[in-house]
2 protein chains.
Amino acid sequence: MTASHKLDDTFAALADQTRRALLAKLAEGEARVTDLAAPFAISLNSVSKHIRRLERAGLVHRRLEGREHFLSLSTRPLNEVAAWIEAQRRAWSDQLAALHEMLQGEDDVAKLAGRRGLRRVKK
Amino acid sequence: MTASHKLDDTFAALADQTRRALLAKLAEGEARVTDLAAPFAISLNSVSKHIRRLERAGLVHRRLEGREHFLSLSTRPLNEVAAWIEAQRRAWSDQLAALHEMLQGEDDVAKLAGRRGLRRVKK
DNA sequence: ATTATATTCATCCGACTGGGTGAATATCTA
DNA sequence: TAGATATTCACCCAGTCGGATGAATATAAT
């Protein structure tokens, strides 16, 4: 549940074009809030909010130096997301492979054609 | 912009534990709305809403057969998300590599230590 | 001490979300 | 025809989002 909750936050943080652009910018290196906000038409405050959201998801880290706040990327959450996706894709591929194998089997084919597909997998 | 908008929808659709569980279930094969809803404590209507959201993001496809609605996975959006993440991770790795190379350089080290890190990358 | 810069805090707004309930629709079955 | 099943539609509610604005805070520079 905790892991899922973290994934929730990470996915939600990534579900915004502006925030993804901020992350892409940060991939070029550390940057201050003002630097990050510069290319965007929206207000500095809005960018600040976006950054807070990215922080909450653990995607960026903040380092204070005087009045300047330096942001940098954290890759762990992104790796977790990638892992989930890969697992999902693998499961999907396995299912496709199973279907393929089934279709190559001899007697099951007729039943499959008469019936409506895969379905009854669980209970 | 259109691609970004699609990514927005996909990420948003994935930013929910219930919806991710639905997708995982669908990885086992086609299923009806009722079948998908069975394991969850929430109402059937809520599940129906989640499914609609997954459909909007293009993550599932619906096939009608009489009064039954059969859902199945669509992998394209997931692939797009994976591609974005991989690009991001690659950029981040490149930046790390550049830093590493810089630290192995001779004269830049002093300036780097005195100054505050990477920062001034863009302008 | 004063001014300028960097950033956040406090509010407000319209829009959307996730959950619920009850009614409506459509299809299958007896 | 009547009844059961599968699914959605139409609302309601509290919570959050993304954007804006204006004020507050903290640090730096003069």
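Residue numbers start from 1 in every chain, and the chains themselves are labelled A, B, ... in the order their sequence lines are given, proteins ahead of strands.
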Looking at every non-hydrogen atom in both residues, tell me the closest pair between Gly58(A) and Ser74(A) and how far apart they are. O-CB, 3.2 Å
Length of the CG-P vector between Asp35(A) and dT5(C), whole Å: 15 Å
How bent is the helix from dA1(C)-dT30(D) to dC16(C)-dG15(D), comparing axes over its five end pairs at each side, to the nearest 10°? 20°
Look at the aromatic rings of Phe11(A) and Phe11(B) and report parallel, tilted or perpendicular, splitting at 30° and 60°. tilted
Is the shortest side-chain N/O distance from Arg32(A) to OP1 or OP2 of dA6(C) below 4.0 Å? yes
Return the value, rounded to whole Å, for the distance between atom CZ of Phe70(A) and atom C1' of dT5(C). 13 Å
Mind checking Asn45(A) for me? I need base, sugar-phosphate or nothing, with any heavy atom below 4.0 Å counting as a touch. base
dC17(D) P sits how many Å from Ile51(A) CD1, rounded? 16 Å
Could you report the tightest heavy-atom contact between Val47(B) and Ala37(B), atom names first, then the distance? CG2-CB, 3.7 Å
Which nucleotide in dT7(D), dT8(C), dA6(C) has an atom nearest any side-chain atom of Ser48(A): dT8(C)
Could you tell me whether Asp8(B) and Arg20(A) have a side-chain N and a carboxylate O separated by less than 4.0 Å? yes
Rounded to the nearest angstrom, tell me the gap between atom CG in Asp9(A) and atom P in dT17(C). 17 Å
Is there a side-chain polar atom (N or O) of Ser43(A) under 4.0 Å from OP1 or OP2 of dG19(D)? no
Between Arg52(A) and dC17(D), is there a side-chain N or O to OP1/OP2 distance below 4.0 Å? no
Can you confirm whether His50(A) sits close enough to Ile42(A) that some side-chain heavy atom of one is under 4.5 Å from a side-chain heavy atom of the other? yes
For a quick test of reading the model: is some side-chain N or O of Arg62(B) closer than 4.0 Å to OP1 or OP2 of dT7(D)? no
With a 4.0 Å cutoff (strictly under), does any side-chain N or O of His50(B) reach OP1 or OP2 of dT17(C)? no
Using nucleotides 27-30 of chain C, report all nitrogen or oxygen pairs with the protein that are shorter than 3.5 Å.
| unit_1 | atom_1 | unit_2 | atom_2 | d |
| --- | --- | --- | --- | --- |
| dT27(C) | O3' | Arg67(B) | N | 3.4 |
| dT27(C) | O2 | Arg67(B) | NH1 | 3.4 |

Any salt bridge between Glu86(B) and Arg89(B), counting N to O under 4.0 Å? yes
Of the options dT17(C), dG18(D), dA20(D), whose atoms approach the side-chain atoms of Arg53(B) most closely? dT17(C)
Measure the distance from CG on Leu64(B) to P on dT25(C) and round it to the nearest whole Å. 18 Å
Any ion pair linking Glu55(B) and Arg53(B) (charged N to carboxylate O, less than 4.0 Å)? no
Between P of dA23(C) and CG of Leu44(B), the distance in whole Å: 17 Å
Any side-chain N or O of Ser46(B) under 4.0 Å from OP1/OP2 of dG20(C)? yes
Less than 4.5 Å apart, any side-chain heavy atom of Leu71(B) and any of Arg32(B)? no
Separation of dC17(D) atom C1' from Leu54(A) atom CG, nearest Å, is 14 Å
What's the CD1-P distance between Ile42(A) and dG19(D), to the nearest Å? 5 Å
Phosphate OP1/OP2 of dT8(D) contacted by His69(B) side-chain N/O (<4.0 Å): yes
Non-hydrogen atoms of Val60(A) and Ile51(A) that approach each other most closely: CG2-O, 4.2 Å
Are any side-chain N or O atoms of Arg19(A) and backbone N or O atoms of Ala12(A), one a donor and one an acceptor, separated by less than 3.5 Å? yes
